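The chains referred to below are lettered A, B, ... by the order of the sequence lines, with proteins before strands, and numbering in each begins at 1. Predicted model only: the values in this text are computed from it and were never measured.
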Amino acid sequence: MSSEDEHGGGGAEAAPPEQLALIRESVREAKVPRAKPRTWRGAALAERLPVARVLVDKGVLHLDRYFDYAVPAELDADARPGVRVRVRFGAGRHRVRDGRREGGGLIDGFLVERLDESDYAGPLAALAQVVSPEPVLSAELLRLARAVADRYAGSLADVLQLAVPPRSARAEKRPSPDPLPPPPAPGAGTWTRYEHGAAFVEALASGGAPRAVWNALPGPEWSRETALAVAATLSSGRGALVVVPDGRAAARVDAALTEVLGEGRHALLTADAGPEKRYAQWLAVSRGTVRAVVGTRAAMFAPVRDLGLVAIWDDGDDSHSEQHAPQPHARDVLLLRAALDKCGFLLGGWSCTVEAAQLVENGWARPLVAGRDQVRRAAPLVRTVGDGDLARDEAARAARLPTLAWQAVRDGLRHGPVLVQVPRRGYVPRMACDRCRAPARCRHCAGPLEARDAGALGCGWCGRAESDWHCPECGGFRLRAQVVGARRTAEELGRAFPAVPVRTSGREQVLDTVPGTPALVVSTPGAEPVAEGGYAAALLLDGWAMLGRPDLRAGEDALRRWIAAGSLVRPQDAGGTVVVVAEPTLRPVQALVRWDPVGHAVRELAERAELGFPPVSRMAAVAGPPEALAEFLATAELPPDAELLGPVPVLVARAGAPRRAGAPPPGEHWERVLVRVPPGSGGALAAALKAAQAARMARGNGEAVRVRVDPPDIG
DNA sequence: ATAAAGGTTCGA
DNA sequence: CGAACCTTTATT
């Protein structure tokens, strides 16, 4: 970038850098606060609103504020609020090297507003460039990004990186067609199965802003019901946004929207599309060409005009949690949008998270549920196989599969496909003493021993290998996987029914649908294909892996995955059966049998309230090297009602496991503290953490600590 | 962050 | 005294 841009003097001669510095210095000494901006060489400025307030695109916390720049006359027309700009920023801006001026800091930013005067007393630098006249950062999007940054103790620039996709000049050049007029209001369709379903859709159609937590009946109708809610919102002349956990769900809602609305009224925003296509879709939304959006989590920021409804499906799925700083959750971003835009809100799922239950409990949203008779009509029959059954079951030990499960599979295969849900790879079986069933524990830290490749044993917490285990209870020295090895069981099932095709769906290859003909469909949780006409039966073999995790959400998560699998099975009246291999006394198992995810979430919520766990209280995790962590906590001015839990050592990731963001670098010892505040102090906590982090970064010494509001994994 | 400015120490 | 190495400060 040449200096002409900086000074706005098209053909004017550039002054040597030394002179510029001198001019600047003299201005400084005079210390005259000026009302009007003045560039260093007094180049021509925009006549009206010559000051541009710019958000400099750096994620650094202590620079999380605006800077004012002068608007050169020739950029006046393009320099409108919301456009991308380039500005000189930073101290060493006129270093000379090899006789050439080095731009110390020409960096990107967003023009936030145009002003008459600046409250900055010094001389303003000029905008270097308006990258494009496309206003990509609307006032609404800026307001949302600000709220998200505050909520998560992050910087505005970080959030904007998530909210505004990278520019593609080609996509911007293409003109957008005129928006279509609002469609007619749709009927309520199958929403009538829910107690206030029709009223919800009608409220949206008539311009209202109803807020609901929707416990969807099992089966495939949810995507069309979601599309109807969107269509109702569009018919009121407003826009709608739907966020779903993965591309498959997005494709289903997309198809349903096409069915209900026809082509051209909605956009599909997913990660699958290339950057250019993605930006083109985003632009269509930003320009108001399309008023409805369905997409995966990045779509949570989609700049839908005049929002009437935000919706999220299956908020318990962890892909709703953004991976990049400040790691906002789609549910919370949509909650913020609903509050800021005063629009309708729909949180739907076959299961129910504790957070969803809380929205109902505190009166913010109304429950949208079906009566028990509708549930009975739609849900499959659920049967359990617990440890006791397994012990009693001679056949099970011989065949490594409970008789009941065997029968369910055999009967199911007579009528259609059978789903077998197996644990994801990476869920290493928990080991127990073969003789007395006592769990095998690490002798150093008492963590669970896990089977590794090649039959070796290791600790799941501290990672130490164990080569010479014996049972401290009974002296036994043989180990077994605590429950039937599921993956192998699936293989054995395949051998047992040689005439039946076996299809697998998992991380490597996810199947979207399978035909309604008899087949064994082996899938990991979340990758289950939809079966045409529904599965005849499902066998859930991952109970031990799901419930054995030392995680606050283990129960809720297990139930969610079982319900999701069961929701693909035919109703009980049509012969649909689910067999779950898990202890029938456990709460999530009972909730599955009764098909009562809401009741489960409500009980979990009560328990969390009692224990002071999220979401009833708000938590943040702070992690880092012990000294840095201690220093951080000492300087942070946390709210008076904040409570510190820990520190505890941050566990080293298991060898081979993917390194999670924020895990300590290899070989380093980190500690973690949880900070807990009661409801209502969440904002103060985030502000305090942000301030402390900013101070830390500004000082530049001390290593960074990692701050995460709403950590997903609290032991 | 990043770079410049300002201050310190250490060797000739 | 200057070079080398720090700490502090500002960034429009």
Side-chain angles (χ1 to χ4, degrees), chain A residues 1 3 5-8 17-43 45-46 49-72 75 79 81 83-97 100-130 149 154-158 160-161 324-326 628 631 635 690-707:
Chain A
M1 186 53 46
S3 58
D5 296 281
E6 178 180 342
H7 304 119
E18 299 75 23
Q19 187 183 332
L20 289 172
L22 216 78
I23 294 167
R24 183 163 168 241
E25 201 39 57
S26 65
V27 169
R28 186 100 358 113
E29 271 163 29
K31 283 203 171 106
V32 181
R34 46 195 75 238
K36 299 281 177 190
R38 182 179 290 180
T39 50
W40 302 339
R41 294 180 62 251
L45 293 179
L49 303 174
V51 176
R53 187 148 281 178
V54 172
L55 177 87
V56 167
D57 191 13
K58 280 198 145 196
V60 196
L61 278 177
H62 55 283
L63 288 180
D64 197 9
R65 56 203 172 93
Y66 301 132
F67 292 89
D68 290 345
Y69 285 81
V71 181
L75 295 183
V83 299
R84 302 180 208 252
V85 294
R86 308 256 286 161
V87 294
R88 297 248 171 229
F89 186 82
R93 110 191 50 195
H94 289 295
R95 235 161 3 119
V96 176
R97 190 188 284 176
R100 279 219 185 149
R101 189 167 312 157
E102 287 231 325
L106 191 56
I107 66 179
D108 295 321
F110 295 97
L111 200 163
V112 166
E113 65 183 316
R114 290 280 297 267
L115 300 166
D116 249 328
E117 328 185 329
S118 170
D119 43 19
Y120 178 65
L124 298 185
L127 289 180
Q129 186 191 355
V130 172
S155 74
L156 189 55
D158 276 348
L160 288 178
Q161 200 135 45
H324 300 108
E631 230 174 85
T635 42
K690 184 171 169 175
Q693 184 79 303
R696 210 175 158 68
M697 294 289 89
R699 264 184 290 121
N701 51 356
E703 292 152 280
V705 297
R706 186 175 59 90
V707 172

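- Between the CG atom of A:D119 and the P atom of C:dT12 there is a distance of 15 Å, given to the nearest Å.
- When the P atom of B:dA1 is taken as reference, atom CG of A:D158 falls 13 Å away, rounded to whole Å.
- Here B:dA3 presents its C1' atom at 14 Å from CZ of A:R88, a figure rounded to the nearest Å.
- Judged by distance alone, the side chain of A:Y69 and the main-chain N or O of A:R88 form a donor-acceptor pair under 3.5 Å.
- As rounded to whole Å, 20 Å separates atom P of C:dT12 from atom CZ of A:F110.
- Atom CG of A:D108 is separated from atom P of C:dT11 by 21 Å (rounded to the nearest Å).
- A:E113 places its CD atom 14 Å from the C1' atom of C:dT12, with the value rounded to the nearest Å.
- Lacking a ring centre under 5.5 Å from that of the base six-membered ring together with a plane angle below 30°, A:F67 does not count as stacked on C:dT12.
- When the C1' atom of C:dA10 is taken as reference, atom CZ of A:F89 falls 9 Å away, rounded to whole Å.
- When each of A:L127, A:D57, A:L106 is paired with A:V87, the side-chain contact (heavy atoms from CB on, under 4.5 Å) condition holds for A:L127 and for no other.
- The side-chain heavy atoms of A:I107 and A:V56, taken from C-beta on, include a pair separated by under 4.5 Å.
- Evaluation of the side-chain contact (heavy atoms from CB on, under 4.5 Å) rule for A:D68 yields A:V51, A:R53, A:S118, A:D119, A:L124 as partners, not counting sequence neighbours.
- Whole-Å rounding puts the A:Y69 OH to C:dT11 P distance at 11 Å.
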